[in-house]
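When a ligand or atom number is given, it counts from 1 through the structure's own listing order.
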Amino acid sequence: MPRMQSDTWWRDAVVYEVYLRSFADSDGDGTGDLGGLRRRLPHLADLGVDALWITPWYPSPMADGGYDVADYCDIDPRFGTLADADALLAEAHDLGLRVIIDPVANHTSERHPWFRAALAAGPGSVERSRYFFRDGRAGGVEPPNDWISAFGGPAWSRVREADGSPGQWYLHLFAPEQPDLDWDHPGVREDFDAVLRFWFDRGIDGIRVDAAPAMAKVTGLPDAGHGPGALFESRTWVGNPHWDVEEVHDILRRWRRIGDSYEGGRLFVTEAVVNGPERLSRYVRPDEMHTSFNFDYLTSPWDARALRAVIDASLAALEPVGAPATWVLSSHDETRHATRFGRAHTGGAFGGAALPASPTDLVLGIRRARAAALLTLALPGSAYLYQGEELGLPEVEDLPDEALQDPTWERSGRTVRGRDGCRVPLPWDGDRPPFGFTDGEAAWLPQPPEWATRTVAVQLADPASTLSLYRTALQLRRSLPDMHGTSLTWCATPDDVLAFDRGPEFRCVVNFSAGRLDLAGQGRLLVASESCAGGLPPDAAAWLLRGAVDVG
Ligand code: NOJ
(Lines give C-alpha, C1' and ligand atoms only; values in the text may rest on other atoms or scores of the structure.)
Protein backbone atom coordinates (compact mmCIF):
# COMPACT_ATOMS: atom_id res chain seq x y z
CA MET A 1 0.00 0.00 0.00
CA PRO A 2 1.90 3.09 -1.10
CA ARG A 3 0.08 5.39 1.34
CA MET A 4 1.12 3.23 4.27
CA GLN A 5 4.75 3.76 3.34
CA SER A 6 4.78 7.54 3.36
CA ASP A 7 6.06 9.47 6.41
CA THR A 8 3.94 12.47 5.45
CA TRP A 9 0.68 10.59 4.90
CA TRP A 10 -1.03 12.85 7.45
CA ARG A 11 -0.60 15.96 5.30
CA ASP A 12 -3.58 15.07 3.11
CA ALA A 13 -5.08 12.09 4.95
CA VAL A 14 -8.80 11.54 5.36
CA VAL A 15 -9.33 10.38 8.91
CA TYR A 16 -12.58 8.74 10.02
CA GLU A 17 -13.68 9.25 13.61
CA VAL A 18 -14.91 6.02 15.16
CA TYR A 19 -17.05 6.79 18.20
CA LEU A 20 -16.50 3.30 19.51
CA ARG A 21 -19.62 2.97 21.66
CA SER A 22 -21.78 3.63 18.64
CA PHE A 23 -19.98 2.07 15.69
CA ALA A 24 -20.78 -1.67 15.85
CA ASP A 25 -21.40 -4.16 18.65
CA SER A 26 -20.19 -7.76 18.52
CA ASP A 27 -21.24 -9.20 21.88
CA GLY A 28 -24.91 -8.27 22.02
CA ASP A 29 -24.72 -5.86 24.97
CA GLY A 30 -25.87 -2.91 22.86
CA THR A 31 -22.57 -1.02 23.16
CA GLY A 32 -20.11 -0.85 20.28
CA ASP A 33 -16.80 -2.65 20.75
CA LEU A 34 -13.56 -3.68 19.14
CA GLY A 35 -15.03 -6.91 17.78
CA GLY A 36 -17.72 -4.89 16.02
CA LEU A 37 -15.19 -2.47 14.64
CA ARG A 38 -12.99 -5.31 13.37
CA ARG A 39 -15.94 -6.89 11.63
CA ARG A 40 -16.83 -3.63 9.91
CA LEU A 41 -13.31 -2.53 8.95
CA PRO A 42 -13.98 -3.40 5.28
CA HIS A 43 -16.68 -0.69 5.26
CA LEU A 44 -14.00 1.85 6.10
CA ALA A 45 -11.46 0.49 3.66
CA ASP A 46 -14.08 0.48 0.89
CA LEU A 47 -15.17 3.97 1.84
CA GLY A 48 -11.64 5.07 1.00
CA VAL A 49 -10.38 6.73 4.18
CA ASP A 50 -6.72 6.60 5.20
CA ALA A 51 -6.93 6.35 8.97
CA LEU A 52 -9.26 5.86 11.93
CA TRP A 53 -9.35 7.94 15.06
CA ILE A 54 -10.84 5.76 17.77
CA THR A 55 -12.38 7.57 20.74
CA PRO A 56 -11.23 6.43 24.22
CA TRP A 57 -11.22 2.67 24.68
CA TYR A 58 -9.67 2.51 28.15
CA PRO A 59 -11.27 1.24 31.35
CA SER A 60 -13.62 4.00 32.41
CA PRO A 61 -16.70 4.57 34.56
CA MET A 62 -18.07 6.36 31.43
CA ALA A 63 -19.05 9.53 33.27
CA ASP A 64 -18.12 11.32 30.03
CA GLY A 65 -18.31 8.59 27.41
CA GLY A 66 -14.83 7.28 28.18
CA TYR A 67 -13.13 10.70 28.37
CA ASP A 68 -12.72 9.82 32.04
CA VAL A 69 -9.90 7.28 31.99
CA ALA A 70 -9.21 4.94 34.92
CA ASP A 71 -6.26 3.09 33.34
CA TYR A 72 -4.38 4.43 30.32
CA CYS A 73 -2.74 1.11 29.42
CA ASP A 74 -5.66 -1.25 29.11
CA ILE A 75 -8.95 -1.70 27.27
CA ASP A 76 -12.35 -1.41 28.94
CA PRO A 77 -13.89 -4.90 29.12
CA ARG A 78 -17.03 -3.49 27.47
CA PHE A 79 -14.89 -2.81 24.40
CA GLY A 80 -12.67 -5.91 24.50
CA THR A 81 -9.10 -6.70 25.48
CA LEU A 82 -5.58 -5.64 24.62
CA ALA A 83 -5.43 -8.70 22.37
CA ASP A 84 -8.46 -7.36 20.48
CA ALA A 85 -6.73 -3.99 20.11
CA ASP A 86 -3.63 -5.69 18.73
CA ALA A 87 -5.73 -7.71 16.31
CA LEU A 88 -7.64 -4.61 15.23
CA LEU A 89 -4.39 -2.79 14.58
CA ALA A 90 -2.98 -5.63 12.50
CA GLU A 91 -6.18 -5.95 10.47
CA ALA A 92 -6.45 -2.22 9.93
CA HIS A 93 -2.85 -2.06 8.75
CA ASP A 94 -3.47 -4.96 6.38
CA LEU A 95 -6.29 -2.94 4.87
CA GLY A 96 -4.08 0.14 4.53
CA LEU A 97 -5.74 1.98 7.44
CA ARG A 98 -3.74 3.73 10.14
CA VAL A 99 -4.98 3.95 13.70
CA ILE A 100 -5.02 7.04 15.94
CA ILE A 101 -6.06 6.79 19.58
CA ASP A 102 -7.27 9.28 22.15
CA PRO A 103 -5.52 9.13 25.54
CA VAL A 104 -7.10 12.18 27.35
CA ALA A 105 -4.22 13.61 29.38
CA ASN A 106 -5.65 16.82 30.86
CA HIS A 107 -7.68 14.86 33.38
CA THR A 108 -8.17 11.35 34.68
CA SER A 109 -11.24 9.63 35.96
CA GLU A 110 -12.01 10.15 39.62
CA ARG A 111 -11.67 6.35 39.72
CA HIS A 112 -8.06 6.42 38.56
CA PRO A 113 -5.74 4.98 41.26
CA TRP A 114 -3.81 8.29 41.31
CA PHE A 115 -6.92 10.19 42.31
CA ARG A 116 -8.08 7.55 44.79
CA ALA A 117 -4.64 7.73 46.40
CA ALA A 118 -4.80 11.53 46.45
CA LEU A 119 -8.17 11.49 48.21
CA ALA A 120 -6.96 8.98 50.75
CA ALA A 121 -3.64 10.71 51.44
CA GLY A 122 -5.13 14.00 52.56
CA PRO A 123 -4.16 17.69 52.34
CA GLY A 124 -0.53 18.55 51.66
CA SER A 125 0.37 15.02 50.52
CA VAL A 126 2.60 14.14 47.58
CA GLU A 127 -0.32 12.21 46.13
CA ARG A 128 -2.52 15.32 46.04
CA SER A 129 0.18 17.27 44.22
CA ARG A 130 -0.55 15.31 41.02
CA TYR A 131 -3.87 17.16 40.87
CA PHE A 132 -5.03 20.64 41.85
CA PHE A 133 -6.22 20.35 45.44
CA ARG A 134 -6.64 23.71 47.16
CA ASP A 135 -8.30 25.10 50.26
CA GLY A 136 -11.48 27.01 49.59
CA ARG A 137 -12.00 30.73 50.05
CA ALA A 138 -14.21 32.33 52.68
CA GLY A 139 -13.09 29.94 55.37
CA GLY A 140 -13.14 27.01 52.98
CA VAL A 141 -16.75 27.17 51.86
CA GLU A 142 -16.19 28.95 48.51
CA PRO A 143 -14.24 27.52 45.53
CA PRO A 144 -10.57 28.59 45.41
CA ASN A 145 -11.15 30.73 42.31
CA ASP A 146 -13.77 31.67 39.69
CA TRP A 147 -12.89 29.08 37.04
CA ILE A 148 -15.77 27.37 35.25
CA SER A 149 -16.40 23.90 33.88
CA ALA A 150 -16.97 23.24 30.18
CA PHE A 151 -20.08 21.31 31.19
CA GLY A 152 -21.53 24.15 33.26
CA GLY A 153 -21.08 25.36 36.82
CA PRO A 154 -17.87 25.89 38.78
CA ALA A 155 -14.70 24.00 37.90
CA TRP A 156 -14.19 22.99 41.54
CA SER A 157 -15.73 20.34 43.75
CA ARG A 158 -15.23 19.93 47.45
CA VAL A 159 -14.14 16.63 48.96
CA ARG A 160 -14.92 15.00 52.26
CA GLU A 161 -11.75 14.17 54.09
CA ALA A 162 -11.15 10.77 55.66
CA ASP A 163 -12.79 11.87 58.93
CA GLY A 164 -15.97 12.86 57.10
CA SER A 165 -15.43 16.62 57.42
CA PRO A 166 -15.80 18.94 54.39
CA GLY A 167 -12.28 19.44 53.10
CA GLN A 168 -10.26 20.76 50.19
CA TRP A 169 -11.48 21.49 46.69
CA TYR A 170 -10.14 19.91 43.47
CA LEU A 171 -10.14 21.34 39.97
CA HIS A 172 -12.07 19.82 37.05
CA LEU A 173 -12.42 21.87 33.88
CA PHE A 174 -14.88 19.22 32.69
CA ALA A 175 -17.14 17.03 34.87
CA PRO A 176 -16.45 16.51 38.60
CA GLU A 177 -15.64 12.90 37.67
CA GLN A 178 -12.72 14.24 35.58
CA PRO A 179 -10.13 15.82 37.96
CA ASP A 180 -7.45 17.87 36.16
CA LEU A 181 -3.87 16.66 36.45
CA ASP A 182 -1.15 19.12 37.39
CA TRP A 183 1.27 18.87 34.48
CA ASP A 184 3.90 20.75 36.47
CA HIS A 185 4.31 17.58 38.49
CA PRO A 186 7.28 15.70 37.00
CA GLY A 187 5.67 12.34 37.74
CA VAL A 188 2.68 13.24 35.57
CA ARG A 189 4.94 14.03 32.62
CA GLU A 190 6.98 10.88 33.07
CA ASP A 191 3.95 8.64 33.46
CA PHE A 192 2.46 9.98 30.25
CA ASP A 193 5.75 9.47 28.40
CA ALA A 194 5.34 5.83 29.33
CA VAL A 195 1.68 5.80 28.22
CA LEU A 196 2.65 7.12 24.78
CA ARG A 197 5.43 4.57 24.46
CA PHE A 198 3.12 1.76 25.58
CA TRP A 199 0.83 2.41 22.61
CA PHE A 200 3.47 3.43 20.09
CA ASP A 201 5.37 0.23 20.86
CA ARG A 202 2.21 -1.72 19.97
CA GLY A 203 2.16 -0.01 16.57
CA ILE A 204 -0.39 2.77 17.10
CA ASP A 205 0.13 5.39 14.39
CA GLY A 206 -0.94 8.54 16.16
CA ILE A 207 -2.48 10.34 19.09
CA ARG A 208 -5.35 12.78 19.33
CA VAL A 209 -4.57 15.27 22.07
CA ASP A 210 -7.82 15.88 23.92
CA ALA A 211 -8.39 19.36 25.35
CA ALA A 212 -4.81 20.37 24.59
CA PRO A 213 -5.20 24.04 25.64
CA ALA A 214 -6.25 22.95 29.12
CA MET A 215 -3.07 21.10 29.96
CA ALA A 216 -1.22 24.04 31.57
CA LYS A 217 -2.51 26.55 34.11
CA VAL A 218 -1.08 29.88 35.18
CA THR A 219 0.90 29.45 38.42
CA GLY A 220 -1.06 30.51 41.46
CA LEU A 221 -4.38 29.79 39.71
CA PRO A 222 -5.55 33.44 39.55
CA ASP A 223 -9.17 34.32 38.89
CA ALA A 224 -10.12 34.37 35.21
CA GLY A 225 -12.62 37.17 35.59
CA HIS A 226 -15.56 34.95 34.72
CA GLY A 227 -18.76 36.65 35.79
CA PRO A 228 -21.77 34.84 37.24
CA GLY A 229 -23.29 32.47 34.69
CA ALA A 230 -20.30 32.79 32.34
CA LEU A 231 -20.16 30.22 29.56
CA PHE A 232 -17.12 28.20 28.53
CA GLU A 233 -16.51 30.14 25.33
CA SER A 234 -12.83 29.44 24.78
CA ARG A 235 -12.91 30.79 21.22
CA THR A 236 -13.29 34.28 22.67
CA TRP A 237 -10.79 34.06 25.52
CA VAL A 238 -7.58 36.11 25.57
CA GLY A 239 -5.03 35.70 28.36
CA ASN A 240 -7.15 33.17 30.19
CA PRO A 241 -5.30 31.50 33.12
CA HIS A 242 -6.71 28.01 32.50
CA TRP A 243 -6.79 27.82 28.70
CA ASP A 244 -4.23 28.19 25.93
CA VAL A 245 -1.49 29.02 28.43
CA GLU A 246 2.05 29.19 27.00
CA GLU A 247 3.41 26.19 28.95
CA VAL A 248 1.05 23.86 27.09
CA HIS A 249 3.54 24.00 24.26
CA ASP A 250 6.36 22.54 26.40
CA ILE A 251 4.24 19.43 26.91
CA LEU A 252 3.44 19.18 23.22
CA ARG A 253 7.12 19.49 22.27
CA ARG A 254 8.00 16.75 24.72
CA TRP A 255 5.38 14.48 23.14
CA ARG A 256 6.57 15.28 19.64
CA ARG A 257 10.10 14.21 20.54
CA ILE A 258 8.74 10.87 21.72
CA GLY A 259 6.72 10.37 18.52
CA ASP A 260 9.67 11.34 16.37
CA SER A 261 11.88 8.77 18.08
CA TYR A 262 9.87 6.04 16.29
CA GLU A 263 10.75 5.08 12.75
CA GLY A 264 8.65 7.11 10.34
CA GLY A 265 7.39 9.22 13.28
CA ARG A 266 3.95 9.15 14.83
CA LEU A 267 1.13 11.61 14.19
CA PHE A 268 -0.29 14.04 16.73
CA VAL A 269 -3.54 15.92 16.13
CA THR A 270 -4.71 18.40 18.74
CA GLU A 271 -8.16 19.32 19.80
CA ALA A 272 -7.62 23.01 20.50
CA VAL A 273 -10.64 25.30 20.57
CA VAL A 274 -8.82 28.62 20.81
CA ASN A 275 -9.21 32.21 19.74
CA GLY A 276 -8.76 32.14 15.97
CA PRO A 277 -6.40 30.66 13.39
CA GLU A 278 -3.28 32.46 14.58
CA ARG A 279 -3.53 31.00 18.11
CA LEU A 280 -4.31 27.63 16.57
CA SER A 281 -1.24 27.76 14.34
CA ARG A 282 0.95 27.83 17.46
CA TYR A 283 -0.06 24.23 18.18
CA VAL A 284 1.33 23.05 14.85
CA ARG A 285 4.72 24.74 14.81
CA PRO A 286 7.41 22.48 13.34
CA ASP A 287 8.47 20.96 16.67
CA GLU A 288 4.93 20.61 18.06
CA MET A 289 1.88 18.80 16.75
CA HIS A 290 1.40 17.84 13.12
CA THR A 291 -2.20 18.97 12.72
CA SER A 292 -5.07 20.44 14.70
CA PHE A 293 -8.82 20.27 14.14
CA ASN A 294 -10.19 23.39 12.52
CA PHE A 295 -13.16 24.40 14.63
CA ASP A 296 -13.59 27.71 12.84
CA TYR A 297 -14.47 25.70 9.74
CA LEU A 298 -16.72 23.36 11.70
CA THR A 299 -18.68 26.24 13.18
CA SER A 300 -18.91 28.36 10.02
CA PRO A 301 -22.40 29.04 8.76
CA TRP A 302 -23.42 27.68 5.36
CA ASP A 303 -22.53 30.88 3.58
CA ALA A 304 -20.10 31.41 0.71
CA ARG A 305 -18.40 34.50 2.11
CA ALA A 306 -18.09 33.13 5.62
CA LEU A 307 -16.65 29.84 4.42
CA ARG A 308 -14.22 31.52 2.07
CA ALA A 309 -13.06 33.79 4.88
CA VAL A 310 -12.44 30.81 7.17
CA ILE A 311 -10.62 28.88 4.46
CA ASP A 312 -8.40 31.85 3.62
CA ALA A 313 -7.68 32.68 7.25
CA SER A 314 -6.86 29.06 8.06
CA LEU A 315 -4.50 28.62 5.14
CA ALA A 316 -2.83 31.98 5.75
CA ALA A 317 -2.23 31.25 9.45
CA LEU A 318 -0.80 27.80 8.78
CA GLU A 319 1.44 28.76 5.89
CA PRO A 320 4.22 30.32 8.03
CA VAL A 321 4.46 27.23 10.25
CA GLY A 322 4.32 24.82 7.31
CA ALA A 323 1.45 22.75 8.71
CA PRO A 324 -1.43 21.43 6.65
CA ALA A 325 -4.99 22.50 7.37
CA THR A 326 -7.56 20.04 8.63
CA TRP A 327 -11.20 20.38 7.68
CA VAL A 328 -13.97 18.97 9.79
CA LEU A 329 -17.75 19.31 9.71
CA SER A 330 -18.94 17.14 12.60
CA SER A 331 -17.77 15.17 15.61
CA HIS A 332 -19.12 13.36 18.65
CA ASP A 333 -19.30 16.78 20.37
CA GLU A 334 -21.24 18.75 17.77
CA THR A 335 -24.77 18.76 16.39
CA ARG A 336 -24.62 16.78 13.14
CA HIS A 337 -24.15 19.10 10.19
CA ALA A 338 -27.04 17.65 8.17
CA THR A 339 -29.27 19.05 10.91
CA ARG A 340 -27.36 22.30 11.46
CA PHE A 341 -27.41 23.16 7.77
CA GLY A 342 -31.20 22.87 7.65
CA ARG A 343 -31.74 25.42 10.41
CA ALA A 344 -32.26 29.15 10.08
CA HIS A 345 -28.87 29.66 11.76
CA THR A 346 -26.52 27.19 10.15
CA GLY A 347 -23.40 27.88 12.21
CA GLY A 348 -22.35 25.68 15.08
CA ALA A 349 -20.93 26.36 18.50
CA PHE A 350 -18.33 23.85 19.53
CA GLY A 351 -19.68 21.70 22.30
CA GLY A 352 -22.54 23.36 20.54
CA ALA A 353 -25.09 21.26 22.08
CA ALA A 354 -25.33 24.49 24.08
CA LEU A 355 -27.21 26.00 21.17
CA PRO A 356 -30.96 25.85 21.62
CA ALA A 357 -32.38 23.44 19.07
CA SER A 358 -34.41 25.20 16.42
CA PRO A 359 -36.53 23.65 13.69
CA THR A 360 -34.63 22.09 10.83
CA ASP A 361 -35.51 21.41 7.20
CA LEU A 362 -33.80 18.07 6.84
CA VAL A 363 -34.18 17.82 3.08
CA LEU A 364 -32.31 21.11 2.74
CA GLY A 365 -29.83 20.14 5.47
CA ILE A 366 -28.89 16.89 3.77
CA ARG A 367 -28.56 18.61 0.41
CA ARG A 368 -26.16 21.09 1.92
CA ALA A 369 -24.34 18.38 3.84
CA ARG A 370 -23.68 16.56 0.56
CA ALA A 371 -22.38 19.76 -1.01
CA ALA A 372 -20.29 20.47 2.08
CA ALA A 373 -18.72 17.02 1.80
CA LEU A 374 -17.50 17.80 -1.70
CA LEU A 375 -16.24 21.20 -0.60
CA THR A 376 -14.44 19.75 2.42
CA LEU A 377 -12.84 16.88 0.55
CA ALA A 378 -11.65 19.24 -2.20
CA LEU A 379 -9.70 21.55 0.10
CA PRO A 380 -5.92 21.18 0.48
CA GLY A 381 -4.83 19.40 3.65
CA SER A 382 -6.37 16.69 5.75
CA ALA A 383 -10.05 16.02 6.43
CA TYR A 384 -11.81 14.39 9.37
CA LEU A 385 -15.11 12.59 8.84
CA TYR A 386 -17.38 11.70 11.73
CA GLN A 387 -18.98 8.27 11.60
CA GLY A 388 -22.42 8.39 10.04
CA GLU A 389 -21.91 11.55 8.05
CA GLU A 390 -21.20 9.29 5.08
CA LEU A 391 -24.81 8.12 5.54
CA GLY A 392 -26.16 11.66 5.80
CA LEU A 393 -27.33 10.93 9.35
CA PRO A 394 -29.10 13.80 11.09
CA GLU A 395 -28.97 14.67 14.78
CA VAL A 396 -31.49 12.67 16.79
CA GLU A 397 -33.29 15.48 18.56
CA ASP A 398 -36.09 13.57 20.25
CA LEU A 399 -34.19 11.16 22.49
CA PRO A 400 -36.26 10.54 25.61
CA ASP A 401 -34.94 12.33 28.70
CA GLU A 402 -34.28 9.05 30.48
CA ALA A 403 -31.98 7.90 27.65
CA LEU A 404 -29.64 10.90 27.91
CA GLN A 405 -26.16 10.14 29.24
CA ASP A 406 -24.08 13.21 28.42
CA PRO A 407 -22.98 14.92 31.67
CA THR A 408 -24.07 18.25 30.19
CA TRP A 409 -27.71 17.25 30.76
CA GLU A 410 -27.43 16.93 34.54
CA ARG A 411 -24.75 19.62 34.98
CA SER A 412 -26.99 22.15 33.26
CA GLY A 413 -29.90 21.31 35.54
CA ARG A 414 -31.53 19.45 32.63
CA THR A 415 -31.69 22.53 30.44
CA VAL A 416 -29.08 21.61 27.81
CA ARG A 417 -29.70 18.20 26.29
CA GLY A 418 -26.05 17.64 25.40
CA ARG A 419 -24.30 15.60 22.75
CA ASP A 420 -26.12 12.27 22.75
CA GLY A 421 -28.09 13.18 19.61
CA CYS A 422 -24.99 12.88 17.43
CA ARG A 423 -23.87 9.67 19.16
CA VAL A 424 -26.78 7.41 18.25
CA PRO A 425 -25.44 4.03 17.03
CA LEU A 426 -25.02 3.49 13.30
CA PRO A 427 -27.65 1.73 11.19
CA TRP A 428 -25.96 -1.04 9.22
CA ASP A 429 -28.77 -3.10 7.72
CA GLY A 430 -32.27 -4.43 8.25
CA ASP A 431 -35.56 -2.58 8.38
CA ARG A 432 -35.93 -1.86 12.08
CA PRO A 433 -33.77 -0.95 15.08
CA PRO A 434 -31.13 -2.00 16.01
CA PHE A 435 -30.35 -2.13 12.28
CA GLY A 436 -27.56 -4.70 12.54
CA PHE A 437 -25.68 -2.56 15.07
CA THR A 438 -26.01 -5.29 17.69
CA ASP A 439 -27.24 -8.88 17.88
CA GLY A 440 -28.85 -7.90 21.18
CA GLU A 441 -32.24 -6.31 21.48
CA ALA A 442 -31.36 -2.66 21.41
CA ALA A 443 -28.54 -0.19 21.04
CA TRP A 444 -27.44 1.86 24.09
CA LEU A 445 -29.23 4.89 22.64
CA PRO A 446 -32.48 4.36 20.75
CA GLN A 447 -32.22 4.61 16.97
CA PRO A 448 -35.05 6.27 15.02
CA PRO A 449 -37.15 3.72 13.07
CA GLU A 450 -36.97 6.00 10.01
CA TRP A 451 -33.26 5.24 9.72
CA ALA A 452 -34.41 2.12 7.82
CA THR A 453 -33.90 4.16 4.66
CA ARG A 454 -30.43 5.29 5.69
CA THR A 455 -28.69 2.00 6.47
CA VAL A 456 -25.35 1.13 4.94
CA ALA A 457 -26.98 -1.77 3.09
CA VAL A 458 -29.69 0.40 1.53
CA GLN A 459 -27.23 3.11 0.53
CA LEU A 460 -24.72 0.70 -0.98
CA ALA A 461 -27.39 -0.42 -3.40
CA ASP A 462 -28.21 3.13 -4.46
CA PRO A 463 -25.74 4.99 -6.69
CA ALA A 464 -27.37 8.30 -5.76
CA SER A 465 -27.03 7.76 -2.00
CA THR A 466 -24.86 9.86 0.28
CA LEU A 467 -22.68 6.82 0.94
CA SER A 468 -22.10 6.37 -2.80
CA LEU A 469 -21.25 10.07 -3.08
CA TYR A 470 -18.62 9.80 -0.33
CA ARG A 471 -17.15 6.65 -1.85
CA THR A 472 -16.87 8.25 -5.28
CA ALA A 473 -15.39 11.47 -3.91
CA LEU A 474 -12.85 9.67 -1.75
CA GLN A 475 -11.79 7.44 -4.60
CA LEU A 476 -11.32 10.49 -6.86
CA ARG A 477 -9.46 12.37 -4.15
CA ARG A 478 -7.02 9.52 -3.85
CA SER A 479 -6.48 9.06 -7.57
CA LEU A 480 -6.30 12.65 -8.87
CA PRO A 481 -2.73 14.00 -8.70
CA ASP A 482 -3.92 17.63 -8.35
CA MET A 483 -5.58 16.80 -5.06
CA HIS A 484 -2.32 15.89 -3.39
CA GLY A 485 -0.79 19.32 -3.87
CA THR A 486 -1.16 22.24 -1.46
CA SER A 487 -2.33 24.95 -3.86
CA LEU A 488 -5.76 26.52 -3.98
CA THR A 489 -6.63 29.25 -6.46
CA TRP A 490 -9.99 30.97 -6.20
CA CYS A 491 -11.89 31.59 -9.44
CA ALA A 492 -13.73 34.84 -10.06
CA THR A 493 -17.36 34.17 -9.15
CA PRO A 494 -20.41 36.00 -7.85
CA ASP A 495 -20.44 36.35 -4.05
CA ASP A 496 -22.83 33.45 -3.59
CA VAL A 497 -20.69 30.94 -5.46
CA LEU A 498 -17.39 29.40 -4.39
CA ALA A 499 -15.10 27.97 -7.04
CA PHE A 500 -11.44 27.09 -6.81
CA ASP A 501 -8.81 25.21 -8.72
CA ARG A 502 -6.28 22.77 -7.39
CA GLY A 503 -3.39 22.23 -9.79
CA PRO A 504 -3.78 22.45 -13.55
CA GLU A 505 -6.90 20.32 -13.89
CA PHE A 506 -9.11 20.05 -10.82
CA ARG A 507 -11.93 22.49 -10.05
CA CYS A 508 -14.55 22.52 -7.29
CA VAL A 509 -17.68 24.66 -7.62
CA VAL A 510 -20.23 25.20 -4.82
CA ASN A 511 -23.49 27.01 -5.51
CA PHE A 512 -24.94 28.93 -2.54
CA SER A 513 -27.26 30.99 -4.75
CA ALA A 514 -30.98 30.47 -5.25
CA GLY A 515 -30.66 29.67 -8.96
CA ARG A 516 -29.01 27.05 -11.12
CA LEU A 517 -25.44 27.69 -12.17
CA ASP A 518 -24.35 27.05 -15.72
CA LEU A 519 -21.22 24.88 -15.73
CA ALA A 520 -20.74 25.00 -19.49
CA GLY A 521 -17.14 25.49 -20.51
CA GLN A 522 -15.71 24.56 -17.13
CA GLY A 523 -14.65 21.00 -17.89
CA ARG A 524 -15.79 17.42 -17.52
CA LEU A 525 -18.02 16.64 -14.56
CA LEU A 526 -16.37 14.17 -12.20
CA VAL A 527 -18.96 14.06 -9.46
CA ALA A 528 -21.73 16.31 -8.16
CA SER A 529 -23.81 16.33 -5.02
CA GLU A 530 -27.02 16.64 -7.09
CA SER A 531 -27.97 15.99 -10.69
CA CYS A 532 -26.52 18.74 -12.85
CA ALA A 533 -28.96 18.48 -15.74
CA GLY A 534 -29.74 22.11 -16.55
CA GLY A 535 -26.88 23.43 -14.40
CA LEU A 536 -25.61 23.06 -10.85
CA PRO A 537 -28.64 23.45 -8.56
CA PRO A 538 -28.72 25.63 -5.42
CA ASP A 539 -26.94 24.19 -2.37
CA ALA A 540 -24.99 21.76 -4.49
CA ALA A 541 -21.34 21.22 -5.38
CA ALA A 542 -19.49 19.70 -8.32
CA TRP A 543 -15.97 18.54 -9.09
CA LEU A 544 -14.72 19.08 -12.62
CA LEU A 545 -11.71 18.17 -14.70
CA ARG A 546 -10.74 21.28 -16.58
CA GLY A 547 -9.44 21.04 -20.08
CA ALA A 548 -11.38 17.82 -20.59
CA VAL A 549 -14.56 17.34 -22.58
CA ASP A 550 -17.05 20.03 -21.62
CA VAL A 551 -19.92 19.37 -19.25
CA GLY A 552 -22.29 21.65 -21.09
C1 NOJ B 1 -13.15 16.74 24.20
C2 NOJ B 1 -13.87 15.48 23.85
O3 NOJ B 1 -14.03 15.42 22.46
C4 NOJ B 1 -15.17 15.53 24.59
O5 NOJ B 1 -16.03 14.51 24.18
C6 NOJ B 1 -14.88 15.47 26.07
O7 NOJ B 1 -16.10 15.62 26.76
C8 NOJ B 1 -13.93 16.56 26.51
N9 NOJ B 1 -12.83 16.75 25.60
C10 NOJ B 1 -13.34 16.26 27.85
O11 NOJ B 1 -12.43 15.20 27.76
Tell me whether [X] is salt-bridged to [Y], with the criterion being a basic N under 4.0 Å from an acidic carboxylate O.
X      : Y      : value
Asp287 : Arg285 : no
Glu246 : Arg282 : yes
Glu271 : Arg208 : yes

Please identify which atoms of ligand 1 are closer than 4.0 Å to at least one heavy atom of [X].
X      : result
Arg423 : 5 (O)
His107 : 10 (C), 11 (O)
Arg419 : 4 (C), 5 (O), 6 (C), 7 (O)

| Residue from Asp401, Asp406, Thr408 passing side chain to side chain donor-acceptor pair (under 3.5 Å) with Arg417 | Asp401
Quick one: does ligand 1 sit under 4.0 Å from the side chain of [X], the backbone, both or neither, non-hydrogen atoms only?
X      : value
Phe151 : side chain
Glu334 : neither
Glu17  : neither

| Of Arg257, Arg253, Arg256, which is the lone residue that meets salt bridge (Lys or Arg N to Asp or Glu O under 4.0 Å) with Glu288? | Arg253
